[in-house]
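A short worksheet on the structure shown next.
A note on names: the letters A, B, ... follow the listed sequences, proteins ahead of strands, and every chain is numbered from 1. Not measured: the values here are computed from a predicted model.
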Number of protein chains: 2
Amino acid sequence: MKKKDVKILLVDDEPDILEIVGYNLSLEGYQISTASNGLEAVTKAKKEKPHLVILDVMMPEMDGIEACEQIRKVPDLSDTIITFLTARGEDYSQMAGFDAGADDYITKPIKPKVLVSKVKALLRRLKDSNEEVADDIVKVGDIVINRVEYKIIQNGTEIILPRKEFELLSLLASRPGKVFKREEILDKVWGNEVIVGGRTIDVHIRKLREKIGDDHFKTIKGVGYKFVL
Amino acid sequence: MKKKDVKILLVDDEPDILEIVGYNLSLEGYQISTASNGLEAVTKAKKEKPHLVILDVMMPEMDGIEACEQIRKVPDLSDTIITFLTARGEDYSQMAGFDAGADDYITKPIKPKVLVSKVKALLRRLKDSNEEVADDIVKVGDIVINRVEYKIIQNGTEIILPRKEFELLSLLASRPGKVFKREEILDKVWGNEVIVGGRTIDVHIRKLREKIGDDHFKTIKGVGYKFVL
DNA sequence: ATGCATTTTAACGATTTGGTAACAGTATTT
DNA sequence: AAATACTGTTACCAAATCGTTAAAATGCAT
């Protein structure tokens with residue numbers, strides 16, 4: 001997801017806070033909208049479906065805790081990350097925040113740099129959870145992919161794959177039939193910082209074709225590869 | 001199939017699990033029913049024909065494995081997806097689950113978000129659960145254009161098209177009957193920086209006429225082309 | 001460090017694709 | 001009917017893309 005497509009809803013009853021936090025986050029390229037109390041927050045959240053909600057705990061009309069609970073009840077917002085703004089030194093242990101479904105706390109006074117890096121960290125979590133769930137066992141066609149033990153079983157035969165091959169297969173098989181663009185594969189298997197040569201994917205595909213079976217991997221020229229059953 | 005028409009049968013002997021998992025899934029809009037042991041599960045499955053069964057492995061009366069085998073024997077339920085709930089760290093290598101016909105495992109402890117995205121992923125396998133990919137699969141006349149899998153299906157026959165041809169067809173078929181000007185086609189399929197000769201579009205249209213059928217592509221002299229059903 | 005497995009690169013060949021040119025065909029205008 | 005303008009068709013070439021291989025680089029464990 002592009003940074004500028006990330007929507008953040010900022011909720012606080014102090015206009016100063018809204019402005020300074022909003023300013024710093026918009027500098028980073030996020031889409032910011034604001035609300036000044038819990039009710040407004042819930043309404044806007046439903047309408048705008050933000051990816052992240054930053055909620056002051058103490059507010060008139062409806063406090064942050066309750067707003068958080070309300071937001072958590074909305075199915076469309078199940079992936080939304082909620083973080084509280086709270087005064088430093090409050091007793092976290094008896095805070096109802098996490099019970100209400102919060103993901104994190106940010107303490108006042110707010111340091112812009114800290115805030116921004118915290119937000120980045122939280123949104124990274126969003127990205128991770130959006131990508132397919134990593135940790136378990138899936139059967140797809142004649143293949144069982146065991147992500148826990150890093151092995152695959154095909155017709156009862158166990159096959160141990162090296163990490164990159166395993167992850168590549170794992171990705172392709174996570175959506176049989178879907179074509180994964182080369183770019184997408186690089187993003188998800190290699191990570192978008194690493195730069196590898198143009199033939200790297202092909203070589204790994206070739207090894208998979210050898211080990212798993214030629215017919216399972218189909219090339220779509222100019223686009224990418226797909227796994228077929 | 002609409003999300004709210006998807007039936008999920010949840011089987012566990014611990015009421016707490018039933019409640020928390022059931023709650024989270026019903027928030028997503030699925031129809032939930034529950035059973036607290038294997039016998040009940042098989043009975044309910046036969047009656048309700050759920051699309052997905054989430055089955056605890058260890059239960060009184062009849063364990064998950066046997067319940068799974070029973071369910072798999074029912075012809076009506078051949079398309080039902082079955083997934084086990086299992087404690088993390090168990091010895092997967094000697095698990096009888098996949099032999100019994102399971103499609104997946106979900107490990108306890110259960111994180112609601114993980115569970116929900118897992119369930120979504122599994123239900124995506126149901127051919128007709130067009131939840132979110134609806135926009136990427138378009139039916140026009142006797143042709144189905146599948147942008148996810150980069151293929152088109154005509155009268156049940158799969159046809160793989162090269163990229164430019166696919167995109168051209170995709171564009172024209174996106175508005176059957178509408179005439180696309182040559183200029184417009186160049187913009188959308190080739191991109192307005194690239195300059196190609198005057199006969200390029202014609203050649204591609206010709207290839208489509210060969211592969212898809214002559215009558216589908218109508219020439220409007222002096223203007224452009226349109227796709228007709 | 002040494003050896004082994006994995007990953008990446010580089011080079012080359014093979015294949016597919018996209019694009020052009022040339023000409024034939026067809027409609028449109030004069 | 002002739003001239004004009006546009007499209008259809010074909011064969012061919014160039015560029016893009018992919019497959020394969022071997023060797024170099026990297027990582028990893030002994």
Can you label the angle between the B:F84 ring and the B:Y105 ring as parallel, tilted or perpendicular, going by 30° and 60°? tilted
For atom CD1 of A:I220 and atom P of C:dT15, their distance in whole Å: 19 Å
Would you call the rings of B:F227 and B:H216 parallel, tilted or perpendicular, where under 30° means parallel and over 60° means perpendicular? parallel
For A:T219 and B:G224, take the nucleotide of DNA chain D holding the closest heavy atom to each; which residue's nucleotide lies nearer the 5' end? B:G224
Examine C:dT8: is either OP1 or OP2 under 4.0 Å from a nitrogen or oxygen in the side chain of A:W190? Give yes or no. yes
Which residues in residues 202-214 of chain B have a heavy atom closer than 4.0 Å to any atom of DNA chain C? B:V203, B:H204, B:K207
How is A:F166 classified with respect to the nucleic acid when contacts are heavy atoms under 4.0 Å: base, sugar-phosphate, or nothing? nothing
B:K181/B:E183 ion pair, N-O < 4.0 Å: no
In whole angstroms, how far is the P atom of D:dA15 from the CZ atom of B:R163? 17 Å
What's the NZ-C1' distance between B:K164 and D:dA15, to the nearest Å? 12 Å
Would you mind classifying the nucleic acid contact of A:K221 as base, sugar-phosphate or nothing, using non-hydrogen atoms under 4.0 angstrom? base
C:dA27, C:dT9, D:dT9: which one has an atom nearest the side-chain heavy atoms of B:R199? D:dT9
Flag the pair A:V203 / A:K207 as yes when at least one side-chain heavy-atom distance between them is below 4.5 Å, and no otherwise. yes
Would you say that B:L169 contacts B:E165 through its side chain, given a criterion of any heavy-atom pair below 4.5 Å between the two side chains? no
From D:dT7, C:dG19, D:dG19, nucleotide with atom closest to A:Y225 side chain: D:dG19
For A:H204 and A:W190, take the angle between the two ring planes, folded into 0 to 90°, and tell me which bin it lands in: parallel under 30, tilted 30 to 60, perpendicular over 60. perpendicular
Can you find a pair of side-chain heavy atoms, one from B:I201 and one from B:Y225, that are under 4.5 Å apart? yes
For the helix from C:dA1-D:dT30 to C:dT30-D:dA1, measure the angle between the helix axis at one end and the axis at the other, each built from five pairs, rounding to 10°. 30°
For atom NZ of A:K181 and atom P of D:dT17, their distance in whole Å: 15 Å
In the structure I gave you, are the side-chain heavy atoms of B:K164 and B:V189 within less than 4.5 Å of one another anywhere? yes
Distance-only polar pair, side chains of A:S174 and B:R124, donor-acceptor under 3.5 Å: no
